[in-house]
Amino acid sequence: MKEMKAVSTCTDEAVAQDAGGRVLIVTSVAPERDAVLRGLQQHPQFDVIIGGVGVASAAARTARALTLAGSPHYRLVVCAGIGGGFPEQAEIGSLVVASDIIAADLGAETPEGFISLDELGFGSARIPVDAELVARATAALQAANLPARSGPVLTVATVTGSAATAAHMAVRIPGAAVEAMEGYGVATAAHEFGLPVLELRSISNAVGPRDRAAWRIQEALESLEAASAVLTEVL
């Protein structure tokens with residue numbers, strides 16, 4: 001597991017002495033990983049890996065990391081990265097801690113509209129998130145004067161590219177704050193290992209028509225870096 005070895009700063013003895021366990025942070029791409037690492041400043045309790053883009057890769061690589069580490073090496077899994085913010089819910093440069101992690105397009109299309117996995121009776125498109133942990137992380141970010149809130153974070157296989165789709169999604173999932181592509185996969189893997197999960201997103205663009213000129217990726221990465229520094233104090 002090259003990614004974990006590259007960023008781990010603890011010896012095996014130090015890990016063994018840490019009764020609280022470690023925190024695994026999963027990002028999708030290298031720029032997100034690097035931003036998180038800058039914020040963590042080699043904190044000894046955190047490992048950061050690249051999970052890849054999309055729910056399948058994120059789930060597989062998270063599960064692989066947890067399996068290779070062995071139990072109870074980790075006590076918490078965090079999905080961290082940038083994402084699109086829904087208008088009037090999450091502004092560019094702001095931070096959102098997921099109150100709900102939802103696979104928004106996992107279900108079936110019918111003439112009457114979309115039917116979720118839950119409605120189909122084949123499982124759940126929602127992974128539970130510990131409300132106290134969400135509140136604590138959100139409060140810590142706000143106390144550090146970072147623009148942060150909690151709200152539903154949607155995982156999608158196809159990024160929204162039109163105002164109509166964005167509006168439809170906002171109606172179907174009231175309060176939806178962020179759209180990204182990996183959270184549900186990371187959360188599913190963590191859930192299978194009996195571990196709590198947190199998802200943190202920094203907003204780089206508005207959900208809707210794809211206007212790359214309006215994206216603020218560097219600003220979002222800087223916000224993610226600042227948030228990662230706060231995580232060392234609260235997780």
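Both backbone and side-chain heavy atoms feed into the values below; hydrogens, waters and symmetry mates do not.
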Treat each ILVMFWY residue as a node, draw an edge where side-chain heavy atoms are under 4.5 Å apart, and state whether [X] and [Y] are in one component.
X      : Y      : value
Val29  : Val48  : no
Val96  : Ile127 : no
Phe114 : Met169 : no
Val207 : Leu106 : no
Leu235 : Ile101 : yes

May I ask you to decide if [Y]'s main-chain N or O and [X]'s side chain share a donor-acceptor pair within less than 3.5 Å?
X      : Y      : result
Thr165 : Thr160 : no
Thr62  : Ala58  : yes
Thr155 : Tyr184 : yes

Co-members of Val171 in a cluster of I, L, V, M, F, W and Y side chains, linked at under 4.5 Å: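 When side chains under 4.5 Å apart are linked, Val171 ends up in no cluster with other residues.
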Value rounded to 0.5 Å, distance of [atom1] in [X] from [atom2] in [Y]:
X      : Y      : atom1 : atom2 : answer
Arg61  : Thr27  : CZ    : OG1   : 10.0 Å
Trp215 : Ile82  : CH2   : CD1   : 8.5 Å
Phe46  : His43  : CZ    : NE2   : 5.5 Å
Glu225 : Arg38  : CD    : CZ    : 4.5 Å
Leu198 : Ser150 : CG    : OG    : 10.5 Å
Arg136 : Leu133 : CZ    : CG    : 5.0 Å

For a quick test of reading the model, state the closest non-hydrogen atom pair linking [X] to [Y] and the distance between them.
X      : Y      : answer
Ala148 : Leu141 : CB-CB, 3.6 Å
Ala190 : Pro196 : CB-O, 4.5 Å
Gly21  : Gln45  : O-NE2, 3.8 Å
Gly175 : Pro152 : O-CD, 3.2 Å
Ala220 : Ser202 : O-OG, 2.7 Å
Ala98  : Val134 : O-CG2, 3.3 Å

Applying side chain to side chain contact (heavy atoms under 4.5 Å, CB included), can you list everything that pairs with [X], at least two apart in sequence or on another chain?
X      : result
Ala80  : Ile25, Val36, Val78, Leu224
Asp105 : Val156, Ala157
Ala144 : Leu146, Val230
Phe122 : Leu117, Leu120

Quick one: does [X]'s side chain get under 4.5 Å of [Y]'s, heavy atoms only?
X      : Y      : value
Met181 : Val159 : yes
Tyr74  : Leu66  : yes
Ile102 : Val153 : no
Leu24  : Arg75  : no
Glu199 : Val186 : no
Leu195 : Leu76  : no

Pairwise side-chain hydrogen bond (donor to acceptor under 3.5 Å, both in side chains) hits with a residue in residues 226-235, at least two apart: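 For residues 226-235, and leaving out neighbouring residues, there are no side-chain hydrogen bond (donor to acceptor under 3.5 Å, both in side chains) pairs at all.
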Donor + acceptor pair across side chains of Ser28, Glu32 (<3.5 Å): yes
Using a 3.5 Å cut-off and no angle test, enumerate the donor-acceptor pairs between side-chain atoms of residues 83-95 and protein atoms at least two apart in sequence or in another chain.
{"from": "Gln89", "atom 1": "OE1", "to": "Arg149", "atom 2": "NH1", "distance (Å)": "2.8"}
{"from": "Ser94", "atom 1": "OG", "to": "Glu91", "atom 2": "N", "distance (Å)": "3.3"}
{"from": "Ser94", "atom 1": "OG", "to": "Glu91", "atom 2": "O", "distance (Å)": "2.5"}

Salt bridge (Lys or Arg N to Asp or Glu O under 4.0 Å) contacts in which one or both residues fall within [range], not counting sequence neighbours:
range            : answer
residues 160-187 : Glu182-Arg201
residues 116-127 : Asp100-Arg126
residues 150-169 : none

Partner residues of Glu109 under the salt bridge (charged side-chain N to carboxylate O under 4.0 Å, His left out) criterion, sequence neighbours left out: none
All salt bridge (charged side-chain N to carboxylate O under 4.0 Å, His left out) counterparts of Arg210, not counting sequence neighbours: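 By the salt bridge (charged side-chain N to carboxylate O under 4.0 Å, His left out) rule, Arg210 matches no residue at all.
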